[in-house]
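Below: one structure, written as structure tokens.
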There are 2 protein chains.
Amino acid sequence: MLSEFDLIKQYFARPRAGRATLGIGDDCALLTPAPGLQTAISSDMLVEGRHFFAGADARKLGHKSLAVNLSDLAAMGARPVAFTLALALPAAERGWLAGFADGLFALADAHGCELIGGDTTKGPLNICITVFGELAPGEALRRAAARAGDDIWISGTLGDARLALAGYRAELALDAASLEQAAARMHTPTPRLALGTALARAGLAHAAIDISDGLTGDLGHILAASRVGATLDVDALPAGPALARQPLELRRRFTAAGGDDYELCFTAPAGARAAILALAAGAATPVTRVGRIDAAPGLRLVDGAARPLDLQLEGFDHFKS
Amino acid sequence: MLSEFDLIKQYFARPRAGRATLGIGDDCALLTPAPGLQTAISSDMLVEGRHFFAGADARKLGHKSLAVNLSDLAAMGARPVAFTLALALPAAERGWLAGFADGLFALADAHGCELIGGDTTKGPLNICITVFGELAPGEALRRAAARAGDDIWISGTLGDARLALAGYRAELALDAASLEQAAARMHTPTPRLALGTALARAGLAHAAIDISDGLTGDLGHILAASRVGATLDVDALPAGPALARQPLELRRRFTAAGGDDYELCFTAPAGARAAILALAAGAATPVTRVGRIDAAPGLRLVDGAARPLDLQLEGFDHFKS
């Protein structure tokens, strides 16, 4: 029988290699902030049956739990430093723990992000990660910073995670190859850290957010915080490779409001277009221009011919669905 | 129907009054660390049916959720700055949310600790708080710093929270007045911040830990980290007022290994006794000397006459009980 302390020791305590002054094993961890830099902090909680299916692959879950948090750092333009992990588990199963830790640390190590503390307890499966990044004052890409006339940009592609969900739920018939391709986006999202931190450092972007609840809903947070509106060219939204093979109406709905994408949506002045494309190429991250910020409030969806588009969309709300 | 965003806005977003550069409402919060200071970080997860009873009073739960985290800062000697709150709720009930927020913010405000972000989701009730404190390099009261010859000190009193649990579980017959008195300790623990931060600033204490899983278990962490042993005078342990009226054997077991006490256990050189008593008086926190750190490994329990005491004790382990 694995005790709480053995569990931490065997699966989560590792030789110290990160930036923290003190890691796992005391009442608190200690970070010594780099002189002159700010600390960016974000916290996400993943609940079984809500953010992932019961019985989900532990390795992928370890990856995703950290990825969604790193995605918040990317949207702020902050460089990852460390994270805490609080974990409620129905039982301490060695196979699950080993897989979860593998997926978690593979992603953490890829970004030099050190596990510095947390908590473990028995309970319905729940994973709560709090992540710490750093950036220089004035660098942060804030939701409130969009300006009328800005371009709206999207990283990568949208909608494949939502397509996978539709496949699992049998909302539509999906061939096995498409489901597998789409499912990879749902289970192992890529936090866009290279792009987000480069944009922040270069001072090219105004506002940014990561797309977790669906583009229109998340863009809506930028619009509300910035007190502006926007026109979004839905047909310009880049669909994921599996979704790209689906009918137009589904492509439009799932790219515009699919959710679980973990791409960045950011705004930048039109004069920065060439610089942004060069920066994105340097970050090995495709970006697409998909609309513009307007002075007039409200979000206007248009098709590829700039005609108003009436899509029935709803962003994800945990207490409505 | 209360949406996720309304829930945050109505119950958790407040006029900015704290130290954070950016609070709730963006992808990340931003803290600007005070120049030259370190950041202490701790995370605790509270699960319904495990850390509190189903149907527990929401206001008390708000207090306790933050109190157990502040207790970790106290044990490190760090001054509270801010915290994040991740909350899984079966439903968004207004009465519960108002009570929880009341209890949470009353304690947060008393310590100038600002809520800067977090997450809300539907799910089995789970409260995960990550707290941030600050302290000067070298001030931290670390578990690994105990030295042979140190006195062992305890703040406040022990065992009443465990007595309340025994009463609720009907492990023993407890009169209503005793249960009420003991239950107050279980539901609304007092984080010993005044004492912990004063000890750290004065440089009087060596090691410290907060007593959450029972004194002998938590002291054991100090001993293991410091590679020392200890002799503990069980009859010197100050029992809570309700427990003090119980038989000797129960007093001994519940003070030595009750759990849920959130008092501080710290070690300090014998030469510092008078200074510690003066400092504790200044922090309005009673302290009691209960043993000494030995070079020989192991924890030796003795009675008031220094005779070896054979108590059947077991610290709390989430995956064993």
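Letters A, B, ... are given to chains in the order of the sequence lines, protein chains preceding strands, and every chain is numbered from 1.
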### Which portion of B:Ala208 sits near chain A, non-hydrogen atoms under 4.5 angstrom
backbone
Would you call [X] and [Y] a side-chain contact if the rule is heavy atoms closer than 4.5 Å?
| X | Y | value |
| --- | --- | --- |
| B:Leu22 | A:Met76 | yes |
| B:Leu73 | A:Cys28 | yes |
| A:Pro124 | B:Val47 | yes |

### Message
If you count every heavy atom of other residues, nucleotides or ligands that lies below 6.0 Å from B:Arg142 atom CZ, does the total exceed 12?
### Response
no
### Message
Working to the nearest 0.5 angstrom, can you tell me the gap between A:Asp119 CG and B:Ile129 CD1?
### Response
12.0 Å
### Query
Roughly how far apart are A:Asn69 CG and B:Asp27 CG, rounded to 0.5 Å?
11.5 Å
### Heavy-atom proximity to chain B below 4.5 Å, by part of A:Ala74
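Neither the backbone nor the side chain of A:Ala74 comes within 4.5 Å of chain B.
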### Query
A:Ile116 versus chain B, heavy atoms under 4.5 Å apart: side chain, backbone, both or neither?
side chain
### Task
Pick whichever of B:Leu135, B:Thr130, B:Thr32, B:Thr84 has the most heavy-atom pairs under 4.5 Å with chain A.
B:Thr130
### Query
Given the options B:Leu31, B:Asp210, B:Leu85, which has more heavy-atom pairs under 4.5 Å with chain A than any of the others?
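Of the options given, most contacts go to B:Leu31.
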### Sorted by number, residues from residues 38-45 of chain B in contact with chain A (heavy atoms, under 4.5 Å)
B:Gln38, B:Thr39, B:Ala40, B:Ile41, B:Ser42, B:Ser43, B:Asp44, B:Met45
### Between A:Leu30, A:Leu141, A:Leu46, A:Thr21, the one whose heavy-atom pairs under 4.5 Å with chain B are most numerous
A:Leu30
### Query
Looking at residues at least two apart in the chain, or sitting in another chain, which of them share a side-chain hydrogen bond (donor to acceptor under 3.5 Å, both in side chains) with A:Glu93?
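side-chain hydrogen bond (donor to acceptor under 3.5 Å, both in side chains) list for A:Glu93, sorted by chain: empty.
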### Query
What pairs meet the ring-ring contact (aromatic ring centres under 6.0 Å, His included) rule with one or both residues in residues 126-147 of chain B, with sequence neighbours excluded?
A:Phe132-B:Phe132
### Task
With sequence neighbours left out, write down each residue that passes ring-ring contact (aromatic ring centres under 6.0 Å, His included) with A:His221, or none if nothing qualifies.
B:Phe5
